[in-house]
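Note sheet for the following structure.
One-based numbering, in listed order, for ligands and for the atoms of each. Counting begins at 1 with the first residue of the sequence. The figures here come from the full heavy-atom set of this structure, side chains too, leaving out hydrogens, waters and symmetry mates.
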Amino acid sequence: MQSLSLYFTLITLLWIYWLWTRRKFYSLFLKLRGPLGYPFIGMAHHLIRREEVLAKLSVYNQMYGPVWCSWVGPYPFVVISDPVIAQEVLLSPNCVNKCFIYNGLDYTVGSSLFSLKEPRWSVHRKIFNPAFNHKILLSFIPLFNEEVDALVLTLDKYAGKGPVDLMQNIQTYTLCLATRTTMGGVSIDRDQFEKTLVQSYQSALEHTADVVFSPWLKCEFLQRMRGKQKKYSRAKMDINRFVRKVGFHSIRLRVNLRIALTSTCFKLVNAQLSTDDSGERSPDNSLFIDIAIENFKCDRFTRTSVDNECGAIVFGAFETTANSIVYTLMLLAMFPNCQEKVYEELLSEFPEMGNLNITYNNTQNLIYMDMVLNETMRVLAPVPLVARETMNDIKLSNGVTLPSGVQIAIDIFNMHRRKDIWGPEADTFNPDNFLSANMQNKHSYAFIPFTKGLRYCIGWKYALLSTKITLAKLLRNYKFTTYFKFENLKFVEDITLKLQQLPLFTIERRNE
Ligand code: HEM
């Protein structure tokens, strides 16, 4: 009995001490409402059931409004689904650092653009911005076309047959694409990709989500108990080996090219480079990996930085793009009238059947498809939540001051579905939401699938261009159907949006 009361006294004292250490945040809790959760853990228990996180946030948004606060363990968290406040946060130089949960990324894929803090982040970001400029994106178009043609050949095997799970094929495709465009991995062995690398990347993503949402799973002993330790370490090794192999191959190829360029046949080689279908380009038109290696040579990057950045860029590019492609096809299969409208637009842009060579201008003419893609990313926000940490106090226009050290979550998923912004049908799919007349009075931060502000997605233009070319070719060649209903979709909060059950598709060849 005596030991029990000692135990409770100790816990109470600990809690009082804990409350005292958090005192600078109390003013925040006087200004903003929100659920406080349990002592010590706050609302951290909600993160364990990831299939409920987005729905729970929606309930709290309705109860406490579009800006509310809570605790996750010792960290005060402000949750925002208001475009005006989201804009203030995303544009503030005091909110450039990512929230503590991104440390999970450092643990699995290593520290990179995704998780770096200031002042390192600005340096890396400035260095890598040119890797995705307009000129470089245009030079990727032949490669995008070539890779989608290979995908179409693969999908032909399933046309007219039973239902198929598209995700594996599309992920293999986007992984090839991401690798070739960032690392120049000349001819990639698709068999190797399918059998090992896609699985390794999937395991790495699963591992990252595990440690981001349940940080105690960084403990190897716990992972071993769950039977996942071996799988995760093998995946990490496979990815590192692959990055080094492709990187080494790229460097060797580039050295050979430089030798060739200094020789008398400069013009000839240059002409070959501009038409080369291997994805290689002239040396002044650098790929992501070239930039990383150049910075390694002049001691701005360590070898680990090069490995981490190259591994992470592929990691960040392939899954987001694959999800956007598959989710768009899924919604078009669920809403066949919209699919027919996309098809009619494609027929008028590409009247001839056969291997299409899609140009940048073509993608600019596909207005309805653009609306469909935007609507997919609105109703199924590819990255449902992003989070930051305040580096200094920041004063918001609603009169609230966020002290330094506050964690901020921007609830993109629920902001994209706010009925007061998107109308009473905000929860369903309707590409007409993106008619210019319907977008006129919307705040520019009401739709932020790639976020905006200082730390927006470095690959957003790349993602839109590659996704549009892929969708145009697939939808011009095939009709997609599914029995799954939109109302039955269940969402899982992960680093990217996941579905509890991914619908199967039936694919039919278009004959015209
Ligand atoms: C549909 C596809 C994509 C979506 C929806 C998407 C979305 C996002 C979002 C929301 C962020 C901000 C994350 C945060 O603030 O925590 C982000 C960051 C980032 N994305 Fe993307 N992304 C996509 C494709 C790509 C591609 C293709 C690449 C690379 C080629 C890429 C590379 C990155 C990088 C490096 C960052 C970190 C930027 C920084 O912090 O400076 N993403 N992305």
- Examine S324 against ligand 1 and note whether any of their N/O atoms are separated by less than 3.5 Å. no
- Item | Worked check of side chain to side chain donor-acceptor pair (under 3.5 Å) between R125 and N129 | CA-CA 6 Å; R125 179 72 190 225; N129 270 336; 3.1 Å; yes
- Note on the structure: atom 40 (O) of ligand 1: closest protein heavy atom, distance to 0.1 Å, is R455 NE, 2.8 Å
- ligand 1 to F114, heavy atom cutoff 4.0 Å, flagged ligand atoms 19 (C), 20 (N), 33 (C), 34 (C), 35 (C), 36 (C), 37 (C)
- Protein heavy-atom partner closest to atom 17 (C) of ligand 1 - residue, atom, separation in Å: C457 CB, 3.4 Å
- Query: What atoms of ligand 1 come closer than 4.0 angstrom to any heavy atom of I458?
  - Reply: 32 (C), 33 (C), 34 (C), 35 (C)
- Enumerated ligand 1 atoms positioned under 4.0 Å from heavy atoms of P382: 5 (C)
- Message: Under 4.0 Å, counting heavy atoms only: does Y102 come that close to any atom of ligand 1?
- Response: yes
- Are E493 and K56 within salt-bridge range, i.e. N to O under 4.0 Å? no
- Task: Measure from the side-chain N and O atoms of H416 to the backbone N and O of I448, and report whether any donor-acceptor pair falls under 3.5 Å.
- Result: yes
- Query: Which atoms of ligand 1 are found less than 4.0 Å from any heavy atom of V383?
  - Reply: 7 (C), 10 (C)
- R388: heavy atom below 4.0 Å from ligand 1, yes or no? yes
- Task: Compute the shortest N/O to N/O distance between R125 and ligand 1 and return yes if it is under 3.5 Å, no if not.
- Result: yes
- Task: Kindly confirm or rule out a cation-pi arrangement of K452 over Y445, judged by NZ or CZ under 6.0 Å from the six-membered ring centre and within 45° of its axis?
- Result: yes
- Query: When the ring planes of Y64 and W68 are compared, do they come out parallel, tilted or perpendicular, using 30° and 60° as the limits?
  - Reply: tilted
- Message: Please list the nearest protein heavy atom to atom 23 (C) of ligand 1 with its residue and the distance rounded to 0.1 Å.
- Response: T320 OG1, 3.4 Å
- Which of the atoms of ligand 1 are close to A317, meaning less than 4.0 Å from one of its heavy atoms? 26 (C), 27 (C), 28 (C), 29 (C), 30 (C)
- Within-shell test, F132 vs ligand 1, heavy atom, strictly < 4.0 Å: yes
- Counting distance only, does the side-chain N/O of N103 pair as donor-acceptor with the main-chain N or O of F100 below 3.5 Å? yes
- Among T321, L137, L373, D370, find the residue that satisfies the side-chain contact (heavy atoms from CB on, under 4.5 Å) test when tested with L464. L373
- So, S115 side chain and S111 main chain: donor-acceptor pair closer than 3.5 Å or not? no
- Note on the structure: atom 6 (C) of ligand 1: closest protein heavy atom, distance to 0.1 Å, is F450 CD2, 3.6 Å
- Message: Looking at L504, is its backbone amide N or carbonyl O close enough to the side chain of D165 to form a donor-acceptor pair, meaning the two atoms are under 3.5 Å apart?
- Response: no
- Could you tell me whether Y462 and ligand 1 have an N or O pair separated by under 3.5 Å? no
- Item | Numbered atoms and elements of ligand 1 in range of W121, under 4.0 angstrom, heavy atoms | 39 (C), 40 (O), 41 (O)
- Message: Using only atom types and a distance under 3.5 Å, with no angle test, would you say the side chain of E345 pairs donor to acceptor with the backbone of M369?
- Response: yes
- Identify which of A463, G459, S112, P449 has a heavy atom lying nearest to atom 7 (C) of ligand 1. P449
- Query: Can you list the atoms of ligand 1 that are under 4.0 Å from a heavy atom of V386?
  - Reply: 13 (C), 14 (C), 15 (O), 16 (O)
- Message: What I want to know is whether I313 and ligand 1 share at least one N or O pair that is separated by under 3.5 angstrom.
- Response: no
- Message: Taking distance alone, with N or O pairs closer than 3.5 Å, would you say Y456 contacts ligand 1?
- Response: no
- Query: Looking at L385, L90, V78, which hits side-chain contact (heavy atoms from CB on, under 4.5 Å) with I410?
  - Reply: L90
- Using the side-chain hydrogen bond (donor to acceptor under 3.5 Å, both in side chains) rule, pick out the option among R120, E118, H124, K126 that qualifies with S122. E118
